[in-house]
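Atoms considered below: every heavy atom in the structure, side chains included; atoms not considered: hydrogens, waters and symmetry mates. So that the names make sense, note that chain A is the first sequence line, chain B the second, and so on, each numbered from 1.
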Amino acid sequence: MPTFTPSNTPSVENSVLSRICRVLNAIPSGRVVTYGDLAEMAGYPRAARLAGGVLRKLPKDTRLPWHRVINAQGRISLPEPGASRQRRRLEDEGVTFLKGRVDMTRYRWLP
DNA sequence: CCGCTGACTCTTC
DNA sequence: GGAAGAGCCAGCG
């Protein structure tokens, strides 16, 4: 979670980013969600691209499970070399890929 | 206020 | 199933 100071009133950091991060932390290991799901669960229906934008700006060393977010097709949207890292992390958590795709019916997290 | 930009999605061919 | 086009939404210059 980012650190806030009462002085700065970040439009992005506070609302969107904090909500996204909260949802992100709630995703169990070995499960995945789509960008659309992430945005919706954060309170921004149909703002899938927004979710992607937030993830893109996360620091490389973040502890957040950013790798559990994939696109609606079950594919990784992150360009290389990130894609390889993401896939490896998911596989480490037990998520299997079939023909480059994640079996959404089995791993998609739906609270 | 305007216009452009995306780790996106959905619908149609 | 893959390509193409049209929505979508908030942030940013």
Requested in this report: Give the rounded distance in Å between these two atoms: CD of A:Q73 and P of B:dC10.
Outcome: 9 Å
**Report entry** Distance in angstrom units between A:I76 CD1 and B:dT9 P, rounded
**Finding:** 13 Å
Requested in this report: Grab the CZ-C1' distance between A:R46 and C:dA6 for me, whole Å please.
Outcome: 16 Å
Requested in this report: Grab the CG-C1' distance between A:L58 and B:dG6 for me, whole Å please.
Outcome: 15 Å
Requested in this report: For nucleotides B:dT12 and C:dC8, find the distance between their P atoms and express it as a whole number of Å.
Outcome: 14 Å
Report task. Measure from the side chain of A:L55, starting at C-beta and using heavy atoms only, and say which of C:dG11, B:dA7, C:dC9 lies closest. Result -> B:dA7
**Report entry** side-chain contact (heavy atoms from CB on, under 4.5 Å) assessment of A:V102 paired with A:F97
**Finding:** CA-CA 5 Å; A:V102 170; A:F97 284 72; 3.5 Å; yes
Query - Audit row: A:L90, A:I70, side-chain contact (heavy atoms from CB on, under 4.5 Å) steps and yes/no - result: CA-CA 10 Å; A:L90 286 175; A:I70 58 183; 4.3 Å; yes
Query raised in the report: Does the base of C:dG11 carry an N or O that pairs as donor and acceptor with the side chain of A:R49 under 3.5 Å?
Result: no
Query raised in the report: Salt bridge check: are A:R89 and A:E93 linked by an N-O gap of less than 4.0 Å?
Result: no
Report task. Determine the Euclidean distance between corresponding P atoms of C:dC9 and B:dT11; express it in Å to zero decimal places. Result -> 15 Å
Requested in this report: Could you check which of B:dA7, B:dC10, C:dA10 has an atom nearest any side-chain atom of A:A72?
Outcome: B:dC10
Query - Nearest-nucleotide pick for A:L50, side chain only, options being B:dC8, C:dA10, B:dT9 - result: C:dA10
Report task. For A:L24 and A:L55, run side-chain contact (heavy atoms from CB on, under 4.5 Å): C-alpha distance rounded to whole Å, both residues' side-chain angles, the deciding distance at 0.1 Å, then the answer. Result -> CA-CA 10 Å; A:L24 216 45; A:L55 294 183; 3.8 Å; yes
Query raised in the report: So what does A:R56 hit on the nucleic acid, given a heavy-atom distance under 4.0 Å: a base, only sugar-phosphate, or nothing?
Result: base
Query raised in the report: In whole angstrom, what separates A:L17's CG from B:dA7's P?
Result: 16 Å
Query raised in the report: To the nearest Å, how far apart are A:E40 CD and C:dC9 C1'?
Result: 14 Å
Query raised in the report: Which part of the nucleic acid, if any, lies within contact of A:G53, taking any heavy atom under 4.0 Å across all strands shown: a base, the sugar-phosphate backbone alone, or nothing?
Result: nothing
**Report entry** A:M41 CE - C:dC9 C1' separation (whole Å)
**Finding:** 17 Å
Report summary line: note: A:M104, atom CE; B:dT9, atom C1'; distance rounded to Å ~ 12 Å
Query raised in the report: Looking only at side-chain N and O atoms, does A:T34 come under 4.0 Å of OP1 or OP2 in B:dC8?
Result: no
Query raised in the report: Taking C-beta and beyond as the side chain, do A:V33 and A:R68 meet within less than 4.5 Å on heavy atoms?
Result: no
